[in-house]
Student: 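Handing you this structure, nothing more for now.
Just so we're on the same page: letters track the sequence lines, and every chain starts at 1. Everything numeric here is computed off the predicted structure, so don't read it as measured data.
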2 protein chains.
Amino acid sequence: MHLDEQERRRELYRLQAMLCQVLADPTRIELIELLGEGPKAVKELAQATGQRQAKISQHLAVLRQRGLVHAQRVGTEMHYSLTDRRILDACHLTRELLLDQLLRQGELAESVLLGERG
Amino acid sequence: MHLDEQERRRELYRLQAMLCQVLADPTRIELIELLGEGPKAVKELAQATGQRQAKISQHLAVLRQRGLVHAQRVGTEMHYSLTDRRILDACHLTRELLLDQLLRQGELAESVLLGERG
DNA sequence: GCACTCTATTCGAATACGCGAATATTCTAA
DNA sequence: TTAGAATATTCGCGTATTCGAATAGAGTGC
């Protein structure tokens, strides 16, 4: 299989979209943030997030399949950790973007309110 | 409505997930990259991506609704541009992550092959 | 072996998404 | 006002995702 430049670029976009899809879930984002503090067992994660264990395992499976986290058995527990701490950077960058958006929207809302008053 | 610390954080995760969802489509990523070069008309974007106009408009609508791009009418054309160039940074960071993942997987594949041979 | 803990998977239903096709809207020019 | 170009929207279908509920492993200790 030989791909020309454009096809290669589009294939990359496709994979990148799949990666973003993994980050497109609030529970998974929270898991990534928690694992940013260090390795944690599933039970801990379930407790910290307040979600059912099955749900956490499901999301961890997604993160695992996409290679974002790594699992290691310790007795009966599974300890999960991030495979690459830059995953956190990506999360934080998108969060910054989000906060700026919210700020802008806030300004917009404010100006709208001012406009209504004027 | 008053939210405690944890609820506020989870609300932020929810919004962040929505933002990532927008980035979780190859066509939209390509549009963002193209708009990174400067403002472009819908027709140009359709041409550059090789996709039908309706599809491009649909994706632009998503980007617009989420505030990632801004549209300006010029005659009969609509010129789209990025509202914040850091959207590009976010895309590039996730792409770096992806490339490293692919590299690691390549190394893994290589070691598996070596293992098979050994 | 059995009981217990921790974790993973499967299933089904509800919801959300992406797409093509068709249609509608908006502007320009004559 | 009619034609035509550029863009937007709607609709319907196939598919993917998420969740809870239930169930299945896997490891430990007795």
Student: Using a strict heavy-atom distance below 4.0 Å, which residues from residues 73-83 of chain A are in contact with DNA chain D?
Tutor: A:R73, A:G75, A:T76
Student: Using side-chain contact (heavy atoms from CB on, under 4.5 Å), reason through A:K55 and A:T49 one step at a time and then give a plain yes or no.
Tutor: CA-CA 11 Å; A:K55 182 171 168 180; A:T49 59; over 6 Å; no
Student: In whole Å, what is the span from the CE atom of B:M18 to the P atom of C:dA16?
Tutor: 11 Å
Student: Is it true that a side-chain atom of B:E7 and a backbone atom of B:D4 form a donor plus acceptor pair closer than 3.5 Å?
Tutor: yes
Student: How many whole angstroms separate atom CG of A:L63 from atom P of D:dT17?
Tutor: 14 Å
Student: Measure from the side-chain N and O atoms of A:R10 to the backbone N and O of B:P26, and report whether any donor-acceptor pair falls under 3.5 Å.
Tutor: no
Student: Check the distance between C:dC17's P and B:D25's CG and give it to me in whole angstrom.
Tutor: 11 Å
Student: Step by step, would you call A:Q101 with B:L68 a side-chain contact (heavy atoms from CB on, under 4.5 Å)?
Tutor: CA-CA 9 Å; A:Q101 273 194 332; B:L68 296 184; 3.3 Å; yes
Student: NE2 of B:H59 versus C1' of D:dA8: gap in Å, rounded?
Tutor: 14 Å
Student: Which residues in residues 27-58 of chain B have at least one heavy atom lying under 4.0 Å from any atom of DNA chain D?
Tutor: B:A41, B:V42, B:K43, B:Q53, B:A54, B:S57, B:Q58
Student: side-chain contact (heavy atoms from CB on, under 4.5 Å) for B:L12 and A:L102? Distances and angles first, verdict last.
Tutor: CA-CA 10 Å; B:L12 206 55; A:L102 293 177; 4.2 Å; yes
Student: Between A:R73 (side chain) and A:G75 (backbone), is there a donor-acceptor pair under 3.5 Å?
Tutor: yes
Student: Carefully, step by step, assess B:I32 and B:L23 under the rule side-chain contact (heavy atoms from CB on, under 4.5 Å).
Tutor: CA-CA 9 Å; B:I32 288 170; B:L23 301 179; 3.5 Å; yes
Student: Taking B:E77 for its side chain and B:V74 for its backbone only, find out whether a donor-acceptor pair lies under 3.5 Å.
Tutor: no
